[in-house]
Amino acid sequence: MKKRSITLIIWLMSVALIGVMAMQYYFIRESFKQKSQLFDEAVTAALASVASKIEKQEIFEFAREQDRINQEKFKADQAMRERNEQLLASQLQIQEKIKKLQRQQFDYQQRYREEEENLKALVPNAIYVNNAFYETYIRRKRYQTYIDFNVVNKYLGEGYIDTDIQLSAKREVPLVPAKDDSTRFIIPYFRNNRVEAMQTATLIPRINREIAGQLQELENELLVLNAKKLQQATTLFDTLAIIGGKSEHILKDIESSILLAKKPFRERLNIKYLKKELDTELNKRDIYVPFNIEVRDDQSYIIYETLQSNNPNAKKQFAKYSTKLFENDLNSSPGLLSIYFPNKSSVIRDTMSYMLLPMIALLALLIGAFAYTLSIIFKQKKISEMKTDFMNNMTHEFKTPVATIMIASESLRDPEISADGKRVNRLANIIYDENVRLGNHIERVLNIARLEKENLKIEKVDVHINAVVSGVLDSMNLQLQRANGVLHTDISAPNDLVIGDELHLSNVFFNLVDNAIKYSKDAPEITVKTYNAKHHVVVTIADKGMGMTKDQKEKIFDQFYRIPTGNVHNVKGFGLGLSYVNDIVKRLNGKIQVKSEKDKGTVFELTFPLKGVTPDREA
């Protein structure tokens with residue numbers, strides 16, 4: 001395969017893989033957004049349901065308590081009902097006066113609120129001060145130095161900070177009683193974070209005391225009448241309905257709202273009930289996630305929270321959801337219930353794990369297939385190149401003996417040569433030797449083919465390793481002498497009996513010794529040893545030849561691989577020898593190890609189990 005074709009395949013596969021990854025990323029991101037939106041909607045619905053339940057529960061408890069009280073009162077007043085009917089007219093008159101005065105008081109309070117709001121709009125840092133403090137420290141100038149202004153920043157959540165200026169006295173002195181009931185505010189003027197001057201703003205009293213006094217008198221009169229047990233109804237709401245001439249249910253709602261709104265926020269909220277209902281509503285929506293609670297009253301003060309943190313910005317990192325509490329109160333700002341989910345993202349990811357795992361597995365499979373395909377392509381390209389080299393080498397190796405046989409055969413056809421018996425015998429020997437050489441080449445190629453097809457016949461007989469190694473060295477001695485080589489032997493393993501094939505073992509040692517001779521730059525110096533190690537016999541064949549690099553050492557057992565010799569072309573072969581050696585050693589339950597350094601030589605170490613050694617014992 002051409003390099004351009006391989007590049008094109010890699011490019012197309014990379015584009016396809018990137019496209020799949022991009023589509024998976026887009027799908028996961030959109031799925032995460034959708035899951036997050038569904039989570040938000042479920043939590044918001046749960047909070048709304050909890051807030052509604054809390055308000056209904058409060059009304060229910062209040063009505064039940066009022067019914068209990070009214071029932072007790074009804075039993076006690078049943079006998080006095082007839083005597084109290086003549087007082088109903090007086091009771092209605094007083095009630096009408098009370099309503100009129102309440103409207104006047106309400107109008108008066110609205111007027112005060114408007115003045116206070118106008119003042120706050122003009123001067124946001126105006127500070128309310130009671131009249132006794134004003135008479136003691138502000139009106140008397142000599143005590144004004146005792147006044148202390150303290151600026152307090154309160155974190156309200158979601159990045160909002162409320163600045164509050166608190167007024168106090170550095171030194172306490174006896175308070176002077178207030179001279180009137182006007183409402184007073186102190187307006188400080190700051191310069192360089194210090195109060196340079198201050199001004200007093202006086203508003204009308206918060207409550208019209210005259211109207212309040214009249215209301216108190218009328219309410220006392222009404223209490224007197226109530227003490228006389230003038231009541232025709234069985235409950236409090238029946239009485240109100242009779243007095244006001246209104247529907248019982250309307251009056252019940254108004255009465256409940258007014259009375260409940262007057263209760264302190266802390267007393268109205270049952271934290272235990274709140275937590276229980278939150279868990280219930282979230283569980284109904286399949287949300288089983290740890291969360292933190294924060295409850296603020298109608299003044300935005302935190303009255304309960306489960307998250308304790310010194311860092312006011314810590315909550316910003318969490319998913320926050322809020323809803324108003326007691327939103328149906330009259331003339332009252334509702335409280336605020338908030339919950340935080342520290343692990344929202346991880347929870348959503350967990351719910352998506354059933355999608356993520358298959359997608360990751362598929363992506364890993366695609367990447368693995370891509371990498372495996374590329375490795376196969378490069379391996380096949382390399383094998384193709386090595387096979388081409390093999391064919392060239394094989395052609396060269398076969399060409400030489402064929403040419404020699406052809407020359408010898410043509411010489412035998414010459415009458416003059418054929419008449420000389422010695423020359424004929426010499427030429428016949430040459431033809432025979434070259435035929436043997438051709439046969440050896442063919443046999444080596446066929447052996448490799450048989451190994452690949454798993455049909456190479458290997459006998460399992462008793463073999464003495466020392467004898468096989470000595471026989472190989474004897475047959476290679478002449479070749480070693482021609483190369484002016486030196487052979488060192490130490491064939492002294494006491495136990496050398498193994499189960500193997502003598503022919504193939506001889507071929508293994510022949511290949512290794514032959515390589516040691518061929519890959520020596522100068523006169524070969526070869527050392528062959530045998531010795532025992534535990535339940536094995538070890539054969540080492542060491543040379544001081546050209547050696548190998550680490551990369552070459554990892555490839556020498558591949559078929560057709562031949563170590564490059566640079567400009568030297570005297571090393572012949574097909575690159576099949578060491579592949580054959582490695583396969584034969586493994587088939588005989590042996591191991592082969594290579595130690596080599598460039599230009600310092602190579603050591604082949606072959607280990608075979610002795611006869612009678614089982615695999616368990618060998619391990």
Side-chain angles (χ1 to χ4, degrees), residues 34-67 154-160 162 237 249-309 312 314-345 347-348 351:
Q34 186 178 14
K35 291 282 186 181
S36 179
Q37 184 177 359
L38 293 175
F39 183 89
D40 295 344
E41 292 175 356
V43 173
T44 302
L47 284 177
S49 178
V50 170
S52 176
K53 284 186 176 182
I54 291 174
E55 193 164 359
K56 289 178 181 178
Q57 179 70 13
E58 183 189 40
I59 295 174
F60 173 77
E61 293 293 338
F62 177 80
R64 186 170 64 179
E65 179 66 16
Q66 290 299 317
D67 285 340
K154 298 180 181 178
Y155 181 73
L156 302 179
E158 299 183 346
Y160 294 100
D162 182 24
F237 299 114
H249 297 291
I250 296 175
L251 289 172
K252 184 180 292 186
D253 293 339
I254 295 174
E255 177 72 9
S256 299
S257 298
I258 294 175
L259 293 178
L260 292 175
K262 290 181 178 180
K263 291 177 63 178
F265 190 86
R266 293 176 182 270
E267 297 180 7
R268 300 179 66 184
L269 191 64
N270 187 335
I271 297 297
K272 185 176 180 181
Y273 177 79
L274 168 65
K275 294 171 67 176
K276 176 184 175 183
E277 290 300 322
L278 271 177
D279 287 334
T280 302
E281 291 298 326
L282 291 175
N283 293 342
K284 283 182 181 178
R285 293 161 176 82
D286 296 327
I287 299 177
Y288 304 93
V289 188
F291 58 88
N292 297 307
I293 304 173
E294 179 188 272
V295 181
R296 294 179 178 270
D297 61 10
D298 51 355
Q299 301 296 325
S300 295
Y301 293 115
I302 296 177
I303 65 170
Y304 178 79
E305 66 175 346
T306 57
L307 174 65
Q308 300 293 334
S309 175
K315 296 177 183 176
K316 294 181 180 180
Q317 303 172 2
F318 304 150
K320 177 185 177 183
Y321 305 88
S322 301
T323 188
K324 293 180 179 179
L325 296 175
F326 309 116
E327 193 171 5
N328 295 322
D329 284 357
L330 298 178
N331 298 327
S332 178
S333 299
L336 189 68
L337 168 64
S338 301
I339 59 175
Y340 301 86
F341 291 91
N343 303 319
K344 174 188 173 183
S345 298
V347 170
I348 295 177
T351 60

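Please read all numbers here as calculations on a predicted model, not as lab measurements.
Residues satisfying the side-chain contact (heavy atoms from CB on, under 4.5 Å) test with S36, not counting sequence neighbours, are D40, K344, I348.
The number of heavy atoms from other shown groups lying within 6.0 Å of CD (Q34) does not exceed 12.
Side chains of N270 and I54 form no contact here, defined as non-hydrogen atoms less than 4.5 Å apart.
Under the 30°/60° scheme for interplanar angles, the aromatic rings of F291 and F341 are found to be tilted.
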Dump the intermediate steps for side-chain contact (heavy atoms from CB on, under 4.5 Å) on E294 and I302, then the final yes or no.
CA-CA 7 Å; E294 179 188 272; I302 296 177; 3.7 Å; yes
Evaluate V295 against L325 for side-chain contact (heavy atoms from CB on, under 4.5 Å), listing each step before the verdict.
CA-CA 9 Å; V295 181; L325 296 175; 4.2 Å; yes
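Here the CZ atom belonging to R296 is positioned 8.0 Å from the CD atom belonging to E305, to the nearest 0.5 angstrom.
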Validation: residues 276-284 side-chain donor-acceptor distances under 3.5 Å, sequence neighbours left out:
residue	atom	partner	partner atom	Å
E277	OE1	K53	NZ	3.2
T280	OG1	K276	O	2.9
E281	OE1	S49	OG	3.3
E281	OE1	R285	NH1	2.8
E281	OE2	S49	OG	3.3
E281	OE2	K53	NZ	2.6
N283	ND2	D279	O	3.0

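Just one of L47, T44, V50 meets the side-chain contact (heavy atoms from CB on, under 4.5 Å) condition when paired with T323; it is L47.
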